[in-house]
Structures are given as structure tokens and as C-alpha cells.
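What follows is a short report on a single structure.
The figures here come from the full heavy-atom set of this structure, side chains too, leaving out hydrogens, waters and symmetry mates. Chain A is the first sequence line, chain B the second, and so forth, proteins listed ahead of strands; every chain is numbered from 1.
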Protein chains: 2
Amino acid sequence: MANGKADTTLSIGELATRSGVSAEAIRYYEREHVVPAAARGGPGRYRRYDEYDVERLQFIRRARELGFSLDEVRELLALNDGSPSRPCTDVNRIARAHLAQVDEKLARLGALRAELDRVISECAGVVPVADCRILSALSGGPAHER
Amino acid sequence: MANGKADTTLSIGELATRSGVSAEAIRYYEREHVVPAAARGGPGRYRRYDEYDVERLQFIRRARELGFSLDEVRELLALNDGSPSRPCTDVNRIARAHLAQVDEKLARLGALRAELDRVISECAGVVPVADCRILSALSGGPAHER
DNA sequence: TGTACACCTTGTAGTGGCTACAAGGTCAAC
DNA sequence: GTTGACCTTGTAGCCACTACAAGGTGTACA
């Protein structure tokens with residue numbers, strides 16, 4: 001209570017600046033129960049935050065940057081808040097499942113990229129539209145697709 | 001007019017089956033002016049289609065599978081419909097710009113994947129939550145992030 | 001001719017994770 | 001007291017659909 005850190009209070013705009021999460025996103029997280037409803041301190045009815053909230057939002061931002069969904073972020077936060085002596089099996093499960101999803105997305109995008117590249121490479125861009133290999137590929141050209 | 005192909009008429013459901021595009025998506029494309037409003041033929045007011053529409057929808061489906069946006073699809077269709085003797089410069093431009101976007105997305109996703117993998121590899125999943133490297137990385141661990 | 005039933009119609013809401021307003025309220029400083 | 005920056009809630013928009021509701025139509029068969 002007297003640690004000189006937790007009793008600084010911040011507005012949502014200050015929290016936004018400090019955490020790197022926009023004020024609108026913070027309100028959105030509150031609506032979506034990713035973070036609890038902020039206390040409305042002081043004389044008025046504005047949301048008030050402290051250093052703990054800065055850390056929390058930074059946690060969320062980093063998780064989002066790694067591509068975790070808000071559902072996953074909620075779970076990770078709950079695990080982070082839970083019993084500190086429990087093994088981090090669930091954290092690992094969530095992270096590995098997410099990695100697997102990212103790998104899938106990469107594989108799909110890589111295949112798409114290869115196909116797109118193949119289609120493009122057949123066309124120099126100077127022939128008449130009627131002979132364009134890109135368009136003929138999309139029209140069901142002979143090269144692939146069945 | 002008497003080529004035995006163009007005068008077969010199809011319902012939206014049949015077009016969906018033949019083109020591989022759902023009936024709901026076809027109606028959506030009509031609303032979004034990706035395809036023109038269908039004729040309402042026959043005795044009632046149902047949409048009627050022909051073989052030409054099957055080809056059109058297949059074109060759209062293939063372009064979508066390659067990740068082109070509906071805006072890009074509209075442009076590609078217009079070029080495909082335009083003067084057949086014009087050079088396919090614009091087709092090439094659209095396709096190459098799209099490829100560049102895909103490459104960007106791949107690079108970002110690859111970097112994210114590497115970072116996620118790094119974070120995960122530091123944690124065997126059996127240590128207490130309090131010592132979990134995944135959570136400490138998200139909390140602003142010492143390894144990176146600033 | 002009746003009727004069952006598959007299919008179609010339009011319109012609306014939801015997806016994810018926000019962003020971008022609009023219209024008005026509050027706070028702090030001067 | 002007044003300015004002006006900041007905050008409030010609520011709503012709409014993004015993308016490319018999907019899903020559903022409530023009702024209309026087409027056709028096959030009895």
C-alpha cells in the first residue's frame with residue numbers, strides 16, 4: 001500500500017500511452033471481459049488505472065503480437081493469475097496449439113504463394129489479354145486444377 | 001443461340017453445386033456487384049443462370065483461392081471482359097502487387113512463428129507457473145522486447 | 001386438384017479485433 | 001468562468017462471407 005508504485009493513478013489515455021494499447025482497445029477489452037471493469041476513482045466517473053494495469057495491458061499486447069486470440073489471452077491471464085505453484089502444462093498446451101495453427105497458416109499461405117508465383121511467371125504482361133496466362137489460369141486453364 | 005449450352009438454365013442452388021461457390025456467397029456477390037444481377041426467368045421470380053455464369057463463378061472462386069480480394073476480382077473480371085487485344089499489363093500489375101502482399105504476410109507470419117517458437121522452446125511445460133518462461137516472456141521477460 | 005416438400009426469397013445478425021466516429025460530459029488550469 | 005483537452009457511451013464500419021428467420025415458389029406425385 002505504501003510502495004510508491006501502486007498508488008499512482010492513470011487515466012485511460014495515460015495507460016494507453018504507457019502500455020502501447022489504444023484507449024479504444026482497452027475499453028473494448030473491458031467490454032469483452034479480457035480485463036475487469038476499471039475502478040472509477042477520484043471526484044468524477046473516469047476510469048482510473050495503476051502500474052499493475054500497465055503490466056497487464058503489456059502482457060496482452062505481447063500475446064496479441066504473437067498472434068494469440070483474445071480467448072487464448074483470457075486463458076493465459078487466468079493461468080498467470082492462478083496458483084503460482086501449479087505446473088505450467090496448460091500454458092504450454094495453449095502455446096503449442098497456437099504454434100501448430102500458425103504453422104498451418106504458413107503452410108497454406110506458402111502453397112498459395114507458390115501457386116500464385118507459378119501463374120504469374122507464365123505471363124510477361126505484354127501479350128494481349130486474350131492470351132494472358134494469368135487470366136486463362138483463373139478461367140480454368142489447362143496447367144492444373146483438375 | 002442454338003449452341004445447346006447457353007440455353008440450359010440453372011437455379012442458384014445448381015449454380016452453387018456446379019461452381020463450388022455457395023448460394024449465399026453468390027447472392028452476396030450480386031449485392032456487392034461482383035456479378036451482375038441475375039435474370040429472373042421462367043414462370044416465377046427465382047434467379048436463373050446458365051453455363052456462362054458457371055464459368056464466371058469458377059473464375060471468381062479460383063481468384064479467391066489465390067487470395068485476391070473482391071476488389072481485385074472485380075478488376076480482373078473487368079479486364080477479362082474488356083478488349084481482348086489490349087495487353088495484359090494491368091492483370092500483371094494486380095497479380096504482382098498481390099504477390100508482394102502475400103510475401104509481406106509470409107514474412108510477418110514467419111517472424112511471428114520464430115518468436116513464438118523461441119518463447120515456447122524455453123519452457124518444458126512442467127515447471128511451476130511462477131517460473132514459466134512463456135508467461136515471463138509475455139510479462140516482459142529479460143530475453144528480448146526492448 | 002390438393003398437398004407435401006425441397007428449394008428459393010429478402011432481411012438481419014454474427015464472425016474477430018478492433019477503429020472511427022458522434023454527441024455529450026468532466027477535469028484541470030488559468 | 002471559460003477554455004480546451006480529455007473522457008464517456010453508443011453505434012457503425014472493416015472483410016468476405018455464414019447462418020438463420022419468416023415466408024414465398026416450383027414441382028412431383030396422389
Length of the [atom1]-[atom2] vector between [X] and [N], whole Å:
X	N	atom1	atom2	answer
B/E24	D/dA16	CD	P	17 Å
B/R64	D/dC17	CZ	C1'	9 Å
A/L15	D/dT8	CG	P	11 Å
A/R31	C/dG17	CZ	C1'	11 Å
B/E30	C/dC8	CD	P	14 Å
A/I26	C/dT19	CD1	P	10 Å
A/R45	C/dG24	CZ	C1'	12 Å
B/I12	D/dT18	CD1	P	12 Å

Using 0.5 Å steps for rounding, measure from the CG atom of B/L138 to the CG atom of A/L66.
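That separation rounds to 6.5 Å.
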May I ask you to say whether [X] pairs ionically with [Y], meaning some side-chain N is under 4.0 Å from a carboxylate O?
X	Y	answer
A/D53	A/R56	no
B/R118	B/E115	yes
A/E65	A/R61	yes

Toward the 5' end of DNA chain D, by each residue's nearest nucleotide, B/L70 or B/R27
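The 5'-side residue here is B/L70.
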Check whether any side-chain N or O of [X] sits under 4.0 Å from OP1 or OP2 of [N], and answer yes or no.
X	N	result
A/S11	D/dC6	no
B/S22	D/dC17	no
B/Y29	D/dC17	yes
A/R47	D/dC6	no

Quiz item: B/Y46 side-chain donor-acceptor pair to D/dG24 base, under 3.5 Å:
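For B/Y46, whose side chain was compared with the base of D/dG24, there is a donor-acceptor pair (under 3.5 Å).
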What's A/F68 touching, base or sugar-phosphate or nothing? Going by heavy atoms closer than 4.0 Å.
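If one applies the 4.0 Å heavy-atom cut-off, A/F68 turns out to touch nothing in the nucleic acid.
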Taking B/S139 for the side chain and B/S136 for the main chain, is one N or O donor matched with an acceptor at less than 3.5 Å?
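Pair absent, no side-chain N/O of B/S139 close to backbone of B/S136.
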